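Proteins come first, then strands; the chains are lettered A, B, ... in the order of their sequence lines, and each starts at number 1. What you see is a predicted model, and the numbers here were worked out from it, not measured in a lab.
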Protein chains: 2
Amino acid sequence: MNKNQALLWDHPRFRSWIAVARACQLMQTVLTRELADLDIKPPHLDILVNLYRFEGISQQELARKLLVGRSNMSMTLPQMEKRGLIERRGDTRDKRVLRLFLTEEGRAVAEEAMAIQTSLIERTLSSTPIEQCHAMAESMEKIILALHAEVVDETESA
Amino acid sequence: MNKNQALLWDHPRFRSWIAVARACQLMQTVLTRELADLDIKPPHLDILVNLYRFEGISQQELARKLLVGRSNMSMTLPQMEKRGLIERRGDTRDKRVLRLFLTEEGRAVAEEAMAIQTSLIERTLSSTPIEQCHAMAESMEKIILALHAEVVDETESA
DNA sequence: ACTTTATTGTTCAATGTTGAACATTTTTGG
DNA sequence: CCAAAAATGTTCAACATTGAACAATAAAGT
């Protein structure tokens, strides 16, 4: 009756990935709580970090980096702009695009939030040796490539 | 000016975790697309898998396993019941709890969905050696424990 | 030059998720 | 036995996310 079940949970890669997914979900939950002090949520942090590193990026480019739709950015960014964290300036060459910049306050919040995230990661990964972290990152990069291939496969066949 | 940035991205554990989070997000996206054939989404799959393994579980227990609130279950499970995937029976001993069971169709859908997920994982993790998968899972278990500790810390201090 | 196609951002309706307040039932402590 | 506390599930309002349809602009093809 449960032949499928036995087969399923014997797959070592399956079990491993379930652990990865669970850890990610938990990390997200804890990070959400810790960011509450700054009155921002993980999606805002992702945006701040990307603007911190890639100043002047467009909404489209940002959406692609964050793996979300453009409409998401159209909803979230104006909120952050009203809150004074970011600024949107029209591109002079291409009147369609809006280029994104951190305000001074946005930069400050970004730094605080990144400090919180880094601290959390350092704390929770402290039991994992550096070499294992590196190996993990290397594996993840390969997995990301494989997943990107899946994405283009499906969009092309459609 | 960007001293913080340089320090941040030099943290090996930080960089590694970002890769993990990204891979998870992508996996979720691709899985969502592949499950569309069965007209279910990842949260439904999580529920089906848990009912497959833990028949007769309560809504509360299920919510805890899935790391979501009880209200989430109260919204989602009646939908799945109407769709004929699951069944909710009142516990005879404790009139508060509803015990959850897969219907025949629910079991069939669960098996198909698990096959899709397993196949996707096998495909995308194929480049990662089994030993590395095991090491990864071991690290993740430690991280999960550390994160659980964070959760109780915060709830107790509050 | 001009029509067609593609890109960027917005809007909107549909859906999903959360936390707080609530009713019911059970357990605990006196 | 009874009142207080806890547990379970529901409801609701607030918010987030998505995809499709749309307007404005730019790029490509002719």
Contact class for R64(B) vs. all strands (heavy atom < 4.0 Å): base, sugar-phosphate, or nothing? nothing
Grab the NZ-C1' distance between K41(A) and dC15(D) for me, whole Å please. 7 Å
Looking at every strand, decide which applies to R93(A) at a 4.0 Å heavy-atom threshold: base, sugar-phosphate, or nothing. sugar-phosphate
Between CD of Q59(B) and P of dT10(D) the distance, given in whole Å, is 5 Å
Could you check which of dC12(D), dG9(D), dT18(D) has an atom nearest any side-chain atom of L98(B)? dG9(D)
Has the side chain of R70(A) got a donor or acceptor atom sitting under 3.5 Å from an opposite partner on the base of dG9(C)? yes
Quick one: the side chain of S71(A) and the base of dG19(D), do they pair up donor-acceptor inside 3.5 Å? yes
Between V68(A) and T92(A), which has a closest nucleotide on DNA chain D that is more 5'? V68(A)
Would you indicate which nucleotide in dT15(C), dT25(D), dT17(C) comes nearest to any side-chain atom of N72(B)? dT17(C)
Quick one about S119(B) and R123(B) (side-chain donor to acceptor, distance below 3.5 Å, no hydrogens or angles considered), yes or no? yes
Whole-Å gap separating C1' (dA16(D)) and CE (M80(A)): 14 Å
For E61(A), which contact category applies under a 4.0 Å heavy-atom criterion: base, sugar-phosphate, or nothing? nothing
Quick one: I40(B) CD1 to dT15(C) P, roughly how many Å, whole number? 17 Å
Whole-Å distance, M73(B) CE to dC12(D) P, equals 19 Å
Nearest 0.5 Å, what's the CD-CD distance between Q117(B) and E112(B)? 14.0 Å
Please confirm whether the shortest side-chain N or O distance from R33(A) to OP1 or OP2 of dG19(C) is below 4.0 Å. no
To the nearest angstrom, the NZ-C1' distance between K95(B) and dT27(C) comes to 16 Å
Taking any heavy-atom pair under 4.0 Å as a contact, classify R88(B): base, sugar-phosphate, or nothing. sugar-phosphate
Candidates dT17(C), dG9(D), dA16(D) - which lies nearest the side chain of V97(B): dG9(D)
OP1 or OP2 of dA16(D) under 4.0 Å from side-chain N/O of Q79(A): yes
Got H44(B) and L85(B) here, is their nearest side-chain heavy-atom distance under 4.5 Å? no
Could you pull out the closest heavy-atom pair between L147(B) and A23(A), with the gap in Å? CD1-O, 3.6 Å
Note, D39(A) side chain near R83(A) side chain (heavy atom, < 4.5 Å): yes
What's the spacing between K95(A) NZ and D91(A) CG if we round to 0.5 Å? 11.0 Å
M75(B) has an atom CE; how far is it from atom C1' of dA20(C), in whole Å? 14 Å
When only distance counts, do a donor and an acceptor, one from the side chain of R96(A) and one from the base of dT7(C), lie under 3.5 Å apart? yes
Report the distance from atom CG of L66(A) to atom C1' of dG9(C), rounded to the nearest whole Å. 16 Å
